[in-house]
2 protein chains.
Amino acid sequence: MSAIPLVPRKRGRPLKGESASLRDDLILTSAKLFRTQGYERTTVRDIAAAVGIQAGSWFYHFKTKQDILVAVMEQGMANSLARIEALDVDNLPAREAFHALVRTHLKTMVSPDHDFIPVLLYEWGSLDEDRKVTVLKLKERYETVWDGVIARLHESGEWIAPTQIDRLMTFGALNWAVQWYRPNGPLNLDELTDNAVQFLLRSEAAPASVTVSAPVAKRSRKTKTG
Amino acid sequence: MSAIPLVPRKRGRPLKGESASLRDDLILTSAKLFRTQGYERTTVRDIAAAVGIQAGSWFYHFKTKQDILVAVMEQGMANSLARIEALDVDNLPAREAFHALVRTHLKTMVSPDHDFIPVLLYEWGSLDEDRKVTVLKLKERYETVWDGVIARLHESGEWIAPTQIDRLMTFGALNWAVQWYRPNGPLNLDELTDNAVQFLLRSEAAPASVTVSAPVAKRSRKTKTG
DNA sequence: CCTACCGATCGGTAGG
DNA sequence: CCTACCGATCGGTAGG
């Protein structure tokens, strides 16, 4: 109401440990809101409120709503890329390399607090055309890593005749997990990974600790056409 | 301006052959707009204009914007279900049955003028919770058909140890095609189907007419992390 | 199915 | 980072 602007912002959601910059906080919060509500349904006021500032103040940090959407996507993609490049996949046997890629990919997608990539995947259409370029470059580097490992799997005979379409299908299978996987459900990340790898590679070796198996239940929990 | 309501509506986009009811036209047009622009970015005015009526008149046919969204999803799911049940999958050998399912699934998703399922898949979050129920019931019937065929593939030894997760991954791989497949691109529907089936079943038999192969190109055309 | 219109919301700005 | 506020848009309604 009255003007007492010197009070430091009190956010509803304090960051654990080092409190990041407000800017980082805004990006993180936006990612979460964009994921759960969608970009269009999330208002600048929502973000501001969630972070504990006034709506008008928001525009001090970002010029437009699109700016924070790119920020989310870029940061998400940059982090994923960094994580996957850190695997140093070239020094692993093809199959282990693939397993590591799948695990990392699923992890960045599916963990709570990792809202960036889901936003990237499902709000891509909300991003203005000219802003897509930067993100696309990062994506290409990301895909290159996968292509390399798949090529090696092909050489070792573990992936018969991979086509361009195979990688697309692979990503599809994995990305879909966003729709149905629940972090606190019956499957943990490692089990999910084992299942995915087995599905994608159709190896003889059955995944280690899968209790969920059974020859296809009549129905699983409610999910989207999946 | 003045009240001359007897003039039949002149739409910008005439339907070919039998002109369907305005209501059907509205649903069809909404589906297309929802797919290309997203639900939230599509205004009631957009739909009205595309169909050649006034914004206010729109509400004569549908009470709320949500009403037309469910209509799109229900009709899409009902049609898909009908198509897939028409395959009479029980009277086909497991593998052929699976092939038919995949083809039909891809077709309803990927053909131009089949915007319903993409809307269902990618605007699910925009649908009010209480409206989801009807659509979910249709989905379950749809999934049951798949489960049956997968179970038979398991029996015939063509699908090793299918888990609940396998069907989810399968749908993921197929549904992702919405993101990258272009009807007028290098792959036609049959080639796409062959590729998908081979990917999903990892058979010895290579798909018939795949020119796109080659041991994983360094990059395909620009797509989303896929 | 049209006209006229409203109430609310929303992205964004000015000025401090 | 706040206050105050605007211009536009949007879903929806009234009344015919």
Side-chain angles (χ1 to χ4, degrees), chain A residues 1-15 19-30 33-34 37-72 123 126-128 131, chain B residues 1-15 19-30 33-34 37-72 123 126-128 131:
Chain A
M1 280 297 168
S2 53
I4 314 180
L6 290 187
V7 182
R9 79 199 163 86
K10 37 181 164 99
R11 354 181 166 115
R13 186 180 53 79
L15 292 181
S19 82
S21 70
L22 216 203
R23 192 192 152 86
D24 287 345
D25 198 4
L26 281 166
I27 295 180
L28 209 73
T29 304
S30 301
L33 290 173
F34 290 164
Q37 314 179 354
Y39 173 75
E40 298 286 349
R41 274 182 298 282
T42 303
T43 70
V44 165
R45 284 161 175 81
D46 288 339
I47 305 171
V51 135
I53 63 174
Q54 293 302 313
S57 312
W58 188 93
F59 290 91
Y60 171 78
H61 299 275
F62 294 90
K63 270 202 203 124
T64 70
K65 202 183 159 191
Q66 280 284 318
D67 281 340
I68 207 168
L69 180 60
V70 235
V72 167
E123 297 294 341
S126 298
L127 190 63
D128 287 350
R131 294 183 195 256
Chain B
M1 282 294 168
S2 53
I4 314 180
L6 289 185
V7 182
R9 78 199 163 88
K10 36 178 164 100
R11 357 180 165 117
R13 187 179 52 80
L15 292 181
S19 83
S21 71
L22 216 203
R23 193 193 151 85
D24 287 345
D25 199 4
L26 281 166
I27 295 181
L28 209 73
T29 304
S30 301
L33 290 172
F34 291 164
Q37 315 179 354
Y39 173 76
E40 298 286 348
R41 275 181 297 283
T42 303
T43 70
V44 166
R45 283 163 176 80
D46 288 339
I47 304 171
V51 135
I53 62 175
Q54 293 302 312
S57 311
W58 189 92
F59 291 91
Y60 171 79
H61 299 275
F62 294 91
K63 269 201 202 124
T64 69
K65 201 182 158 190
Q66 281 284 316
D67 281 339
I68 207 167
L69 180 59
V70 235
V72 166
E123 297 293 342
S126 300
L127 189 64
D128 287 350
R131 294 183 195 257

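Order of the sequence lines fixes the chain letters, A, B, ..., with proteins taken first and strands second; residue numbering starts at 1 for each chain. Values below: every heavy atom of this structure, side chains too, minus hydrogens, waters and symmetry copies.
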Just so I know, are the side chains of A/Val44 and A/Phe59 near enough to count as touching, which here means a heavy-atom distance under 4.5 Å? yes
Would you name the heavy atoms of B/Trp58 and B/Lys65 that are closest together and state the gap between them? CH2-CA, 3.8 Å
Pairs counted only when both distances fall under 3.5 Å, Watson-Crick or G-U: show me the 5' to 3' dot-bracket for DNA chain D, [ ] for pseudoknotted crossings and | for other-strand partners. ||||||||||||||||
Near-strand residues of residues 54-67 of chain A, defined as heavy-atom separation under 4.0 angstrom from DNA chain C: A/Gly56, A/Phe59, A/Thr64, A/Lys65
In whole angstroms, the gap separating P of D/dT9 from CD of B/Gln37 amounts to 15 Å
Test side-chain contact (heavy atoms from CB on, under 4.5 Å) on A/Asp67 and A/His61; report intermediate values, then the result. CA-CA 10 Å; A/Asp67 281 340; A/His61 299 275; over 6 Å; no
Separation of A/Glu40 atom CD from D/dG11 atom P, in whole Å? 11 Å
Across all chains, not counting sequence neighbours, the side-chain hydrogen bond (donor to acceptor under 3.5 Å, both in side chains) partners of A/Gln37 are A/Thr42
Among A/Thr29, A/Asp46, A/Ile47, find the one that has a side-chain contact (heavy atoms from CB on, under 4.5 Å) with A/Phe34. A/Ile47
Rounding to a whole Å, what distance do you find between B/Ile68:CD1 and D/dG12:C1'? 15 Å
Using the side-chain contact (heavy atoms from CB on, under 4.5 Å) rule, take A/Gln66 and A/Tyr39 through it: C-alpha gap first, then chi angles, then the decisive distance, then the call. CA-CA 9 Å; A/Gln66 280 284 318; A/Tyr39 173 75; 3.3 Å; yes
So, do B/Val70 and B/Phe62 sit near enough that their side-chain heavy atoms are less than 4.5 Å apart? no
Determine the minimum heavy-atom distance between B/Ile27 and B/Val72, stating which atoms define it. O-CG2, 3.7 Å
Check every atom of C/dC2, C/dG12, D/dG11 against the side chain of B/Arg45 and return the nucleotide holding the closest atom. D/dG11
The nucleotide from C/dG11, D/dG11, D/dC2 with an atom nearest the side chain of B/Thr43 is D/dG11
